[in-house]
Amino acid sequence: MNVGVYYPDGPSKLYQLTQWLPVFQNHPRDLTFGIVVRSYQAYQELRQLTTLPIAHVPGFADLMELYRVSSMQALVYVNNGVGNFQSLAVTDLVHVHVNHGESDKVCMVSNQVKAYDRVFVAGEAAVQRHRAA
């Protein structure tokens, strides 16, 4: 896989990832997607929901080793979870934030978003929110 989808949270927030599964499963031919999860419960649920490869890496050292040996070039993030920051420590990958929906919540335009190399938003209103912040 050359694009990883990073999901550090448990099953209660899995909707943040599952809404993106059709996009990742129907990817362009020049991209291959896989999912990186930290929670074993989320891993178990995702195995029933997708045919994409899923890596369960509970520990930080395991996560860093996965990134070191993998062919991943980019990581996609579907939320602003605090667990993202362990993954964001890797500077060799492009970090892309797509989120799971747009809102006026402060986390949508907080300094957290500055940690990503690219941030994709839903439209002009979101662009303006980011510029204003």
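The first residue of the sequence shown is numbered 1, and numbering continues consecutively from there. It should be emphasised that the depicted structure is a prediction, and the values quoted were computed from it without experimental measurement.
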Q. Is there a side-chain contact (heavy atoms from CB on, under 4.5 Å) between Val57 and Val37 once you walk through the steps?
A. CA-CA 6 Å; Val57 285; Val37 297; over 6 Å; no
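- Around atom OH of Tyr40, no more than 12 heavy atoms belonging to other residues, nucleotides or ligands sit under 6.0 Å away.
- The one candidate from Arg38, His95, Gln86 that meets the side chain to side chain donor-acceptor pair (under 3.5 Å) condition with Tyr6 is Arg38.
- Paired with Leu75 under the rule side-chain contact (heavy atoms from CB on, under 4.5 Å), one option of Val5, Val90, Leu93 passes, and it is Leu93.
- Hydrophobic clustering places Val3 together with Phe120 (ILVMFWY residues linked when any side-chain heavy atoms are closer than 4.5 Å, directly or through intermediates).
- Between the side chain of Asn2 and the backbone N or O of Thr32 there is at least one donor-acceptor pair closer than 3.5 Å.
- Side-chain atoms of Asn80 do not come within 3.5 Å of backbone N or O of Gln112 as any donor-acceptor pair.
- Scanning all heavy atoms of the two residues, the minimum distance from Thr51 to Gln25 falls at N-OE1, 4.0 Å.
- For the salt bridge (Lys or Arg N to Asp or Glu O under 4.0 Å) test, no residue two or more places apart in sequence or in another chain qualifies with Arg29.
- Val76 is connected to Leu49 through a chain of hydrophobic side-chain contacts under 4.5 Å among Ile, Leu, Val, Met, Phe, Trp and Tyr, so both are in one cluster.
- Using a 4.5 Å cut-off between side-chain heavy atoms of Ile, Leu, Val, Met, Phe, Trp and Tyr, with links allowed through other members, Tyr7 and Val23 fall into the same hydrophobic cluster.
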Q: Test Asp9 against Gln16 for side-chain contact (heavy atoms from CB on, under 4.5 Å), laying out the working first.
A: CA-CA 10 Å; Asp9 297 311; Gln16 297 171 337; 4.3 Å; yes
